[in-house]
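Labels below follow one simple rule: chain letters A, B, ... track the order of the sequence lines, proteins then strands, and each chain is numbered from 1. These values consider heavy atoms only, across backbone and side chains, with no hydrogens, waters or symmetry-generated copies.
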Amino acid sequence: MKKTLAMLGACVSLLPALAQSATVAELERRLEQLERQSSSRTSVSDVDLKVGGFINAGAAATNNLTDNVVSGAGPTEELSPPTYAGLDEEVTYDRLTSAGIQVQANVSDRVSGTIQLYADGADDFDAQTEWAYITYQFTDATEARAGRLVIPLYMHSQYQNVGYALPWIELPREAYDIAPVRSMEGVDLTTRFQTGNMAHAVNVFHGTLDIDVGINGTNATFRMRDITGINLTSSLGNLSTWLSYVGAEANVDILPGKSAYDIDNDYGYFSSAGFQYDNGALLFMAEQTQLSIANRWFPANTGSYATLGYRFGRFMPHVTWAEVDDDGYNDVRNDPVGRFLYNGLASHQKSWTVGVRADVATNLALKAEVSRFYDLGDDAQSAAAIPPNPLLPGGLPAHQTGSLFNSVPDRDDTPLVFRLAAQMVF
Amino acid sequence: MKAFTYLLLSCLLALPVAASAEVVVVASDSLGITSLNQADVRQIFSGKRSTVDGVAVVPLDLPADDPAREAFYRKVLGKSASQMRSHWARLTFTGRGNPPKIVSGEDELAILLSSSSRNYIGYMDAAMTRPGMVILYRAE
């Protein structure tokens, strides 16, 4: 209380000084102090620290689904219902609950350091370092970064965890789930320039990554070397466009020892093109994403979506159509192991999502969505790939489908996913 | 049908009347820039651009509750406060930029524009401009 009074006194006594004879140096110092106070009250150094974060709290479930048992295909008793990206008919919170915190330290006008930690419920809240990089500002328009960076594969990749920054509760998985990678260690260089009334930013990067992936229940390490990419963001008035291409040398040991099915220094690429139009009321976005690895079995998945939204005051209803489709099955049709692996990573589905975002308070959005999925998997392909699993004698469950559901919902079902979320930034 | 027409009309009439005050983008007259177009202003205040004709410029924001701020973002960028926060969240959490620093009001903005070595650019109610400032853009 005493402290508050003292602070109040200090503020009051500062006011006339401000109005009359504040020097610029004082004002700039005050500006810095205000910024520091608003971002971090426990600054331990003279460095200008900015602390920010985001929290996503959500719940989701599917409707009641039953498994469509493919005849003669492995275990038929007590099949559990199909799940969608970890969601089933029980309401769960962990899949849509996550949080991130970022600290940015501006050491000088040229040098800054940034660390962002991220944890999500699907991963038991084991915090991961999403970003950790040093920035060096060469000029007002050009900067380089080195450290751990989220790879800018697709239009929204780098902020895909920041729910508040997006119209949806989660990104269309058809387009964003096709890449199993997020962060790399490496460097990037960004420069901004103008052509007429258009503003552009071009970003180039190079890096490497190692992640653990599961393919058809087997554990493997996915290594990418020489990840090299370029992307261009351009904006003109209410329209902005995105073009990106990333190439890399991919390695995955599929089986113990050497195998012809390993991904062995095979060239992989990600590419995407998208645009966003936002005039303040109308929002229209669309993007197409691709991933392919040039080896004997890897499916080339292409994802795409289009979103239309319209703001009525605080509310924005929106509708999204999304699709993912695979290409390359003919190359593995006569190879049991190849087509099994192919079907494990191939995706084929479409969906409609309708939702609403409500900006209910400063920095807080409430969202509700329902997605309806159809055209799941490719019968011709998955039937041909039904086990016995050639890699794991004894077998896996029978339903390799190639959709983002873990098995085939019954044909009479209308697969739905319901989501509700509160998402904020600070 | 008639009822519908009346409903539509009354909705149109009920639309909030845009703040009548004119908002202008200002800088020090010693900056060497004499005018900006809408695209320039939008890009500077959304972090897409940091130089004008080779001169580095630094935007400043008025406090969140200042009516000129709401009017500026509505008229020039066509965005609400929450849309701008979404926009800056995309940049901040990817290291692409931070929102403009916030001054305490027009007085502080005026002092910073006229005397700082940094090339600050701000906006204010047209009625609040003072000698030594150059009006770079008028938001109609």
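In this structure, A/Phe193 places its CZ atom where more than 12 heavy-atom neighbours from other residues, nucleotides or ligands lie under 6.0 Å away. Atom CZ of A/Phe426 has more than 12 neighbouring heavy atoms from other residues, nucleotides or ligands inside a 6.0 Å radius. For A/Ile134, the CD1 atom is loosely surrounded, since the number of other residues' heavy atoms within 6.0 Å does not exceed 12.
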- request: Evaluate side chain to side chain contact (heavy atoms under 4.5 Å, CB included) for A/Asp359 paired with B/Arg85, printing each intermediate quantity in order.
  value: CA-CA 11 Å; A/Asp359 284 281; B/Arg85 275 189 291 272; over 6 Å; no

- request: Please step through side-chain hydrogen bond (donor to acceptor under 3.5 Å, both in side chains) for the pair B/Arg42 and A/Asn238, ending with a clear verdict.
  value: CA-CA 10 Å; B/Arg42 290 173 70 124; A/Asn238 293 320; 2.6 Å; yes

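B/Lys48 is not listed as a side-chain neighbour of A/Thr233, based on a closest heavy-atom distance of 4.5 Å or more. Contact annotation: the side chain of B/Gln83 approaches that of A/Arg311 to within less than 4.5 Å [non-hydrogen atoms, C-beta and beyond]. A 4.5 Å side-chain heavy-atom check between A/Arg357 and B/Ser86 finds at least one atom pair inside the cut-off. Side chains of B/Gln38 and A/Asn197 form no contact here, defined as non-hydrogen atoms less than 4.5 Å apart. Counting heavy atoms from C-beta outward, B/Arg96 and A/Thr190 have side chains that approach closer than 4.5 Å. With a 4.5 Å cut-off on side-chain heavy atoms, A/Val425 and B/Phe93 count as touching. The shortest distance between side-chain heavy atoms of A/Arg192 and B/Arg49 does not fall below 4.5 Å.
With a 4.5 angstrom heavy-atom cutoff, A/Arg145 touches chain B only via side-chain atoms. For chain B, no part of A/Thr135 is nearby; none of its heavy atoms comes within less than 4.5 Å. If you measure heavy-atom distances from A/Glu130 to chain B, you find no contacts under 4.5 Å at all. The contact between A/Gln276 and chain B is made entirely by side chain atoms (from C-beta outward), counting heavy-atom distances below 4.5 Å. Of the two parts of A/Met316, neither the backbone nor the side chain holds a non-hydrogen atom closer than 4.5 Å to a non-hydrogen atom of chain B. For chain B, the nearby parts of A/Asn363 are the backbone and the side chain; heavy atoms of each come within less than 4.5 Å. For B/Thr92, the parts lying under 4.5 angstrom from a heavy atom of chain A are both the backbone and the side chain. Neither the backbone nor the side chain of A/Tyr118 comes within contact range of chain B; no heavy atom of the residue lies under 4.5 Å from a heavy atom of that chain. Contacts of B/Tyr120 with chain A are made by side-chain atoms alone, with heavy-atom separations under 4.5 Å and no backbone atom involved. For A/Asn203, the part lying near chain B is the side chain, with the backbone staying farther off; criterion is any non-hydrogen pair under 4.5 Å. For A/Ala201, no part lies under 4.5 angstrom from a heavy atom of chain B. Only the side chain of A/Tyr133 comes within contact range of chain B, judged by heavy atoms closer than 4.5 Å. Looking at B/Leu60, the atoms closer than 4.5 Å to chain A (heavy atoms on both sides) all sit in the side chain, from C-beta outward.
Rounded to the nearest 0.5 angstrom, A/His156 NE2 and B/Thr94 OG1 are separated by 12.5 Å. Annotation: the span from B/Arg90 atom CZ to A/Met155 atom CE amounts to 7.5 Å, rounded to 0.5 Å.
Listed options B/Asn37, B/Asp40, B/Asn98, B/Thr51 were ranked by heavy-atom pairs under 4.5 angstrom with chain A; first place goes to B/Asn98. Between chain B and the residues A/Gln102, A/Arg314, A/Glu143, A/His200, the most heavy-atom pairs under 4.5 angstrom are made by A/Gln102. No other option in B/Ala89, B/Ser116, B/Ser80 has as many heavy-atom pairs under 4.5 Å with chain A as B/Ser116. Between chain A and the options B/Ala64, B/Ala81, B/Ser46, B/Gly78, heavy-atom pairs under 4.5 Å are most frequent for B/Gly78.
Chain A is approached within less than 4.5 Å, heavy atom to heavy atom, by no residue from residues 122-136 of chain B. Of residues 104-117 of chain A, those residues lying under 4.5 Å from chain B by any heavy-atom pair are A/Gln104, A/Asp109, A/Gln116.
Residue B/Ser50 comes nearest to A/Asp140 through the heavy atom pair OG-O, 2.7 Å, listed as atom of the first residue, atom of the second, then distance.
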